[in-house]
Amino acid sequence: MTGHVVVVGSANVDLVVDVPRHPAGGETILGGDLRRTPGGKGANQAVAAARAGGADTTFVGALGKDESGELLLASLGGAGVRTDVVDRVDAPTGTALITVSPDGENAIVVAPGANSRVRVGATQARRIAAADVVLAQLEIPLDTVIAAARERRAGALFVLNAAPSRDLPDALWDQLDVLVVNEHEAADLAGPASGATPENLAAALLTRVPAVVVTLGAAGSLVARRGADAVRVPAAEVAAVDTTGAGDTYCGVLAAALAGAGPAGSGLGGSGLLQAARLAGAAGALAVTRPGAQDAVPDAADVGALAEHLLVDKN
């Protein structure tokens, strides 16, 4: 472990039901058995950075003083994530209600609960200041995301996965080193005048941030940096079982690689971000072949093996 990642974000218990199709408005359908698994974008990304990315990883978040909180602490700790700066608060642990269709696509509703109380206090700030990469998402208060970004040390990278989609204040744009978005989130941030292709969306976003990664699902991802040509990174062909948490796995491994925990760790210059995206793409592909979010995060050895295959055969 040669890099330190701090993930600032949400933690949820996922209540998952397999369905023959997602219900329409006002419709009731019968699903399969209920599964209760650890999730939340921040916690998922922390597990991915540690298990699939091999990084020394700390999670900054908030959990309720309930059984769900214990479930999440056990999952994080089991993956090797440091949880000593997680706050336990007088609010229910966050909960996500998820339906999964036969093609692996999901629909999600989140009750934030304790995630609304994630904060950056003195203890959390010290841990953030020791990180090589700080990674955050948007399931927690924006003020907390901005505070986390401002606490990073000189030379450390701040990576934002701008999900779920929402407007970003200038105070947050000014802190970004790497923006990770899917096509829908990219379009929301870039605006309708920027054009529909990932390349056009990325070009528009590069006016606000030095580097952009647009994830494209089964089509891979697009890596764009100021002063360099945008590059398409192919995806591995896999049979999708459940896409829940695949994007989070991608983000966690991207952060770990940028932190120097894998063969990519050379920052944004040269091939660093591109190599990180290759590893992240391999991890995301493996994650969709298994059900669940944190339960589906692959091991670093499997990620490295698949990434090598992509490097040799598809670059």
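Bear in mind that the values here come from a model prediction, so they are computed numbers and not experimental data.
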Check: Val181 and Leu201 side chains under 4.5 Å, non-hydrogen atoms: no
Ala246 to Val288 - nearest heavy-atom pair and separation: CB-CG1, 3.4 Å
Heavy-atom closest pair, residues Thr249 and Gly284: CG2-N, 4.1 Å
Just to verify, what does Asp84 make a salt bridge (Lys or Arg N to Asp or Glu O under 4.0 Å) with, not counting sequence neighbours? Arg127
Heavy-atom closest pair (Ile146 atom, Pro169 atom, distance to 0.1 Å) is CD1-CG, 4.0 Å
Residues in side-chain hydrogen bond (donor to acceptor under 3.5 Å, both in side chains) contact with Thr95, at least two apart in sequence or another chain: none
Who are the side-chain contact (heavy atoms from CB on, under 4.5 Å) partners of Asp33, not counting sequence neighbours? none
Determine the minimum heavy-atom distance between Gly39 and Asn44, stating which atoms define it. CA-OD1, 3.1 Å
From CA spacing to verdict: salt bridge (Lys or Arg N to Asp or Glu O under 4.0 Å), Arg153, Asp132: CA-CA 8 Å; Arg153 63 175 174 79; Asp132 299 300; 2.6 Å; yes
side-chain contact (heavy atoms from CB on, under 4.5 Å) against Leu206, all qualifying residues, sequence neighbours excluded: Val212, Ala224, Arg226
Please list, chain by chain and in numerical order, all residues satisfying salt bridge (Lys or Arg N to Asp or Glu O under 4.0 Å) with Glu70, sequence neighbours excluded. Arg88
Quick check against the 3.5 Å criterion: does Gln294 have a side-chain atom that pairs as donor or acceptor with the backbone of Val47? no
Identify, with sequence neighbours excluded, every residue that meets salt bridge (Lys or Arg N to Asp or Glu O under 4.0 Å) alongside Asp299. none
Exactly one candidate in Asp177, Val7, Leu258 meets side chain to side chain contact (heavy atoms under 4.5 Å, CB included) with Val159; the answer is Leu258
Nearest 0.5 Å, what's the OG1-CG distance between Thr99 and Asn106? 7.5 Å
For the residue pair Val231 and Arg225, establish whether any side-chain heavy-atom pair is separated by less than 4.5 Å. no
Roughly how far, to the nearest 0.5 Å, is the CG atom of Leu34 from the CD1 atom of Ile98? 10.5 Å
With sequence neighbours excluded, tell me which residues meet salt bridge (Lys or Arg N to Asp or Glu O under 4.0 Å) with Arg166. none
Just by distance, do the side chain of Ser10 and the backbone of Lys41 share a donor-acceptor pair under 3.5 Å? yes
For the residue pair Pro112 and Ile140, establish whether any side-chain heavy-atom pair is separated by less than 4.5 Å. no
Measuring only between side-chain heavy atoms, which start at C-beta, is Val8 closer than 4.5 Å to Val145? no
Results of side-chain hydrogen bond (donor to acceptor under 3.5 Å, both in side chains) for Arg150 - residues two or more places apart only: none
Does Thr93 offer a backbone N or O that forms a donor-acceptor pair with the side chain of Asp66 under 3.5 Å? yes
Validation row: Leu205, Trp173 side chains within 4.5 angstrom (heavy atoms): yes
Taking the side chain as every heavy atom from C-beta outward, state whether Leu273 and Leu254 have any atom pair closer than 4.5 Å. yes
Leu274 versus Val233: any side-chain heavy-atom pair under 4.5 Å? yes
Where the side chain of Asp248 meets the backbone of Gln45, is there a donor-acceptor pair that is under 3.5 Å apart? no
Kindly state each residue pair satisfying side-chain hydrogen bond (donor to acceptor under 3.5 Å, both in side chains) with at least one member in residues 179-188, sequence neighbours excluded. Ser165-Asp188, Asn182-Glu185
With no hydrogens and no angle check, is any side-chain donor or acceptor of Arg117 less than 3.5 Å from a backbone partner on Asp90? yes
Pairs where residues 205-222 contributes a residue and the test salt bridge (Lys or Arg N to Asp or Glu O under 4.0 Å) is met, not counting sequence neighbours: Asp170-Arg208
Heavy-atom side-chain contact between Asp87 and Gln124 under 4.5 Å: yes
Can you name the residues that form a side-chain contact (heavy atoms from CB on, under 4.5 Å) with Thr197, not counting sequence neighbours? Glu199, Asn200
Could you note down all residue pairs passing salt bridge (Lys or Arg N to Asp or Glu O under 4.0 Å) where residues 73-82 supplies at least one of them, sequence neighbours left out? Asp56-Arg82
